[in-house]
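Keep in mind that this is a model prediction, so the values were computed, not measured. Side chains included, hydrogens not; waters and symmetry mates left out as well; all remaining heavy atoms used. Reminder, nothing fancy here: chain letters follow the sequence lines and each chain counts from 1.
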Number of protein chains: 2
Amino acid sequence: MSQGASGIELETSLGYLLKEVSSALRTAMEAVLRPLGMSVTHYSCLELLAQRPGLSNSELARGTFVTRQAMNVLLQALEGDGLVTRSQQPASGRALPTRLTAAGRAQLATASAAVKGVEDRMKSQLSPSEQDALRAMLSACAVSLRAS
Amino acid sequence: MSQGASGIELETSLGYLLKEVSSALRTAMEAVLRPLGMSVTHYSCLELLAQRPGLSNSELARGTFVTRQAMNVLLQALEGDGLVTRSQQPASGRALPTRLTAAGRAQLATASAAVKGVEDRMKSQLSPSEQDALRAMLSACAVSLRAS
DNA sequence: CTCAGTATGTCAGAATATTGACATGAGTCA
DNA sequence: TGACTCATGTCAATATTCTGACATACTGAG
């Protein structure tokens, strides 16, 4: 009955559980980032930029799961705060590569450590092999969802 | 190095992967709900109300992971559309129990079937036992995150 | 080469959600 | 009883994001 039914069972729904964990993770991240004066998107952008230097606005938007318009306003703020720099001449097409400044890297360092603390707490009850299994299953879900 | 480091590795970060799946799920749900004229929050509220009749505004807000203010404006819209009814006299305290109308149940029926299709697609590559394992691990993550 | 298709940056308006605030009702405890 | 705490409903203001739109730049088929 929980499987063949035509509806959703909240108690056993993977989608609902996913949203629950995702929401709790976001809340926990906000809690540790707020004292640093950063939002989750703010941090995500910096983190992405640190690991993939030179990403354009649109690429950053895709990597942080927001629209490029939203990323654009964020990037303007980050640039105004001296945390990132944007090329004026596009390297190719219209895309303007973005890079962290020293100040951006410094701010990210403390934030990244704080976020790692949250993530470690999240998976504190999972063994390394369980974490691998979880990763594999979540990846499978992502692939399946993308296959329209 | 991927474990003892002080930072986050995007490639192996469970948090990032969680956000990725969650975002893909939301996008897929929006895609099937849009033709029905419903948003994800709209659907979530109806679904929650179907399975837990009499929930108050604040309880619905917690169950759908939004603020009670946001749920309040949504409930006013749903009530205006004749999909839900709210008691005028609080049963206890200030909480006003909310219930689905027949129209609400009817609208939910098609939406719930559509969302179940999305959820089934998401877990199409997972065996029943894997789904159980995934549920257990996600629950563990939620519990750990809530333990501040 | 030309043109259709796709991707990007950016502006403006609209929708949505959040924070802040206040009054009300219930429970607790001295 | 009275003071205190907590949860709720609701109003207002703010913030954030999205949708729509447009011009520009590359790419590939013809």
Side-chain angles (χ1 to χ4, degrees), chain A residues 19 22-24 26-31 33-35 37-46 48-49 52 54-81 84-99, chain B residues 19 22-24 26-31 33-35 37-46 48-49 52 54-81 84-99:
Chain A
K19 173 68 180 174
S22 183
S23 173
R26 186 177 188 88
T27 299
M29 286 177 65
E30 283 170 349
L33 289 175
R34 185 182 312 272
M38 304 173 66
S39 70
V40 174
T41 314
H42 179 142
Y43 156 74
S44 301
C45 178
L46 261 48
L48 204 52
L49 228 31
R52 307 242 214 292
L55 248 47
S56 69
N57 178 34
S58 287
E59 291 168 325
L60 286 168
R62 278 191 295 269
T64 55
F65 311 100
V66 297
T67 61
R68 61 204 164 144
Q69 292 89 333
M71 181 52 65
N72 195 30
V73 312
L74 174 62
L75 272 187
Q76 287 174 1
L78 294 180
E79 190 172 20
D81 290 345
V84 308
T85 57
R86 305 189 69 182
S87 301
Q88 293 307 325
Q89 286 88 10
S92 141
R94 298 193 67 191
L96 302 174
T98 309
R99 289 178 186 282
Chain B
K19 174 68 179 172
S22 183
S23 173
R26 185 177 188 88
T27 299
M29 287 177 65
E30 284 170 349
L33 290 175
R34 186 181 311 273
M38 304 173 67
S39 71
V40 174
T41 314
H42 178 141
Y43 157 75
S44 302
C45 177
L46 261 48
L48 204 52
L49 227 32
R52 307 241 214 293
L55 249 47
S56 71
N57 177 34
S58 287
E59 291 168 324
L60 285 168
R62 278 192 295 270
T64 56
F65 311 102
V66 297
T67 62
R68 60 185 200 259
Q69 291 90 332
M71 180 52 65
N72 195 28
V73 311
L74 174 62
L75 271 187
Q76 286 174 2
L78 294 180
E79 192 172 20
D81 290 345
V84 307
T85 56
R86 305 189 70 183
S87 301
Q88 293 308 323
Q89 284 87 11
S92 140
R94 297 193 67 191
L96 303 174
T98 309
R99 292 180 185 281

Please give, in whole Å, the distance from [N] [atom2] to [X] [atom1]?
X: B/Arg34; N: C/dA15; atom1: CZ; atom2: P; answer: 14 Å
X: B/Asn72; N: C/dA23; atom1: CG; atom2: C1'; answer: 15 Å
X: A/Gln89; N: D/dA25; atom1: CD; atom2: P; answer: 13 Å
X: B/Asn57; N: D/dT10; atom1: CG; atom2: C1'; answer: 9 Å
X: A/His42; N: D/dT17; atom1: NE2; atom2: P; answer: 12 Å
X: A/Glu59; N: C/dG9; atom1: CD; atom2: C1'; answer: 13 Å
X: A/Leu55; N: C/dG9; atom1: CG; atom2: C1'; answer: 15 Å
X: B/Arg62; N: D/dC6; atom1: CZ; atom2: C1'; answer: 12 Å

When all nucleic acid strands are considered with a 4.0 Å heavy-atom cut-off, which category describes B/Val73: base, sugar-phosphate, or nothing?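 No contact.
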Would you indicate which nucleotide in D/dG9, D/dA12, C/dT10 comes nearest to any side-chain atom of B/Ser58?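 Nearest to the side-chain atoms of B/Ser58, counting from C-beta on, is D/dG9.
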Between D/dT8, D/dC11, C/dG9, which nucleotide gets closest to the side-chain atoms of A/Arg86?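 The answer is C/dG9.
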Upstream residue (5' side of DNA chain D) when A/Arg26 and A/Arg68 are each assigned their closest nucleotide: A/Arg26
Closest-nucleotide ordering on DNA chain D, the 5'-leading residue of A/Pro90 and A/Gln69: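 Result: A/Gln69.
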Any side-chain to backbone donor/acceptor pair from A/Ser23 onto A/Lys19? Under 3.5 Å, distance only. no
Keeping B/Thr67 on the side-chain end and B/Ala70 on the backbone end, is there a donor-acceptor pair under 3.5 Å? yes
What's the shortest heavy-atom distance between A/Asn57 and A/Met71, and which atoms? OD1-CG, 3.0 Å
Over 12 non-hydrogen atoms of neighbours within 6.0 angstrom of CZ in B/Arg86: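 Above 12, so yes.
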Check whether any side-chain N or O of A/Ser56 sits under 4.0 Å from OP1 or OP2 of C/dT8, and answer yes or no.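 No, no such contact exists.
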Taking only side-chain N and O atoms of A/Thr41, does any of them lie within less than 4.0 angstrom of OP1 or OP2 on D/dT17?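 It does, given that an N or O in the side chain of A/Thr41 lies less than 4.0 Å from OP1 or OP2 of D/dT17.
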Presence of donor-acceptor pair under 3.5 Å, side chain of B/Arg94 and base of C/dA23: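 Answer is yes: a donor-acceptor pair is held.
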N/O donor-acceptor pair, side chain B/Gln76 with base D/dG9, under 3.5 angstrom: no
With DNA chain C as reference, determine whether B/Phe65 or A/Ala95 sits nearer its 5' end, using the nearest nucleotide of each. A/Ala95
If we ignore angles and hydrogens, is there a donor and acceptor under 3.5 Å between the side chains of A/Thr27 and A/Glu30? no
